[in-house]
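Count residues from 1 along the sequence. All values below were derived from every heavy atom in this structure, side-chain atoms included, with hydrogens, water molecules and symmetry-related copies excluded.
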Amino acid sequence: MVTMLATVVQAWGTQVLVTDNSNGQEVLVNTNYSTANLAVRDQVRIVYDGIMTASLPPQISAQSICVQRVY
């Protein structure tokens, strides 16, 4: 499993477009769950299997997406 720390750009249905914090690349994240709880600029931790498509933007399938809260 691979972990990505990212910033939410847009979320709809079961997909979310994020910017990877490590390299600034936009990535389309597919999941089996609703992304309605995600908001633009949320910081998220995404766990996925390490497979990323060569499309533009690249796509991954998330095992989990967790919002990183700042207190």
Side-chain angles (χ1 to χ4, degrees):
M1 292 295 149
V2 176
T3 300
M4 175 190 296
L5 298 177
T7 304
V8 173
V9 174
Q10 184 179 3
W12 65 97
T14 59
Q15 295 181 311
V16 59
L17 183 65
V18 300
T19 300
D20 185 338
N21 291 347
S22 69
N23 60 19
Q25 180 179 35
E26 284 194 341
V27 177
L28 182 61
V29 181
N30 298 295
T31 181
N32 292 327
Y33 304 100
S34 172
T35 59
N37 65 320
L38 300 176
V40 173
R41 293 188 300 276
D42 273 350
Q43 296 297 306
V44 293
R45 185 183 69 228
I46 301 164
V47 176
Y48 68 104
D49 60 8
I51 299 171
M52 183 179 291
T53 68
S55 61
L56 290 175
Q59 297 183 38
I60 61 174
S61 294
Q63 302 293 321
S64 68
I65 302 173
C66 298
V67 176
Q68 304 296 290
R69 299 286 183 206
V70 177
Y71 296 99

(message) Please report the interatomic distance CD(Gln59) to CG(Leu28), rounded to the nearest 0.5 Å.
(response) 4.5 Å
(message) Nearest 0.5 Å, please: how far is OG1 in Thr31 from CD1 in Ile65?
(response) 5.0 Å
Minimum heavy-atom distance [X]-[Y], with the two atoms named:
{"X": "Glu26", "Y": "Pro58", "answer": "O-CD, 3.4 Å"}
{"X": "Ser55", "Y": "Thr53", "answer": "OG-OG1, 2.8 Å"}
{"X": "Asp49", "Y": "Ile51", "answer": "OD1-N, 3.0 Å"}

(request) Applying side-chain contact (heavy atoms from CB on, under 4.5 Å), name anything that partners Arg69, two or more places apart in sequence or on another chain. (result) Asp42, Val67, Tyr71
(request) Using the rule that two of Ile, Leu, Val, Met, Phe, Trp, Tyr join whenever any of their side-chain heavy atoms come within less than 4.5 Å, decide whether Ile46 and Leu38 are in one cluster. (result) yes
Side-chain atoms of residues 2-16: list all donor-acceptor pairs with protein atoms under 3.5 Å, sequence neighbours left out, distances to 0.1 Å.
from: Thr7; atom 1: OG1; to: Asn21; atom 2: OD1; distance (Å): 2.9
from: Thr7; atom 1: OG1; to: Gln43; atom 2: OE1; distance (Å): 3.3
from: Thr7; atom 1: OG1; to: Gln43; atom 2: NE2; distance (Å): 2.9
from: Trp12; atom 1: NE1; to: Gln15; atom 2: OE1; distance (Å): 3.0
from: Gln15; atom 1: NE2; to: Asn30; atom 2: OD1; distance (Å): 2.7

